[in-house]
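Down below is the structure, laid out as structure tokens.
Start at 1 and go down the list; that is how both ligands and their atoms are numbered. Predicted model only: the values in this text are computed from it and were never measured.
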Amino acid sequence: MQDAPFRYAAHAYGWTNSWVRSDVQIIDRVAALGLDAIEIPLMELAEVVPSEISRRAEENGIDVVTSVGLSADKNPASEKLSVRKSAEDFLLRCVDVAADMGSPLLTGVIYSDIGGVLPERPTAVHYERAAEVLRVVSEYARDRDVRLGIEPVNRYETYLVNTASAAMALASLVDDAHTGVHLDAYHMNIEEDQFYAPIMEAMPRLCHFHLSESHRGIPGKGTVDWTEVFRALRDGDYVGYVGLESFVGASPAMAGATRSWRDLAPDSDTLIREGLDFLKQVERAVYDAG
Ligand SMILES: [Mn+2]
């Protein structure tokens, strides 16, 4: 039997509506649940104090990774130059904060705003605008040892990148090895034909994977084909982070954008504990069989 080369993370929005400075204590909780890393959201960037977070993570012996979703005033694909410039400035600050807390990753919806609508089908111009911003950010991120990850999300959350192949296309347009792709089973369940092939397609650039269930509840209780997910990660020799991402019900910050209003588990500790148990069982079965 061979150990799967994953480091399991949990997203801090499982325990907070929006990150505030005192949320640094969530790190203790994430470590106590047996995870290897915490995923810190950078939406409330002013409340994120890198030195406090990295110290707390180090004390607990876990890693830090970061992700972000952009608001409409910071949309890299916008027709307005000032909005694209705000996106670039914000993402550069995110890279600095990520690097300052020792995160090797900055992933998420970093190419458009979350929840934005377009009255028409996006064209090559929209992708080129997003790529232009990401090229600048990626080059800067390389100098700071942070890898960018483009996370495709479902059609109700972005008009720009919904699938693994669209993420790969945008990453090729950025044309920087430091720009990777981050997949999420929840979004894949809505947009892809299946799990295995898209994960394999993204594998050359895969830098993070969200192990989110089809309803964002406890992994194992929905319709995601987890065996296929782990089979692809195994066959593609993926090494790196995988993360559990769920949101506190009725949270204005993320539940609003993702429409996760109902209670999907008794509480986040239960979701993580039961989900992690289940996912590690599937992981072991798949790796033992391979
Ligand atoms: Mn995700």
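A salt bridge links Glu245 with Arg216: the closest approach of a Lys/Arg side-chain nitrogen to an acidic carboxylate oxygen falls below 4.0 angstrom. By the 4.0 Å N-to-carboxylate-O rule, Asp113 lies too far from Lys74 to be salt-bridged with it.
Side-chain contact, Asn60 with Asp28: a donor N or O sits under 3.5 Å from an acceptor N or O. With hydrogens and angles left out, the side-chain atoms of Glu39 and His210 include a donor and acceptor closer than 3.5 Å.
Of all protein atoms, those of element N, O or S that lie under 2.8 Å from the Mn ion (ligand 1) number 4.
The main-chain N or O of Ser71 is never found under 3.5 Å from a side-chain atom of Asn75 such that the two would form a donor-acceptor pair.
Every salt bridge (Lys or Arg N to Asp or Glu O under 4.0 Å) that Lys85 has, sequence neighbours left out, goes to Glu88, Asp89.
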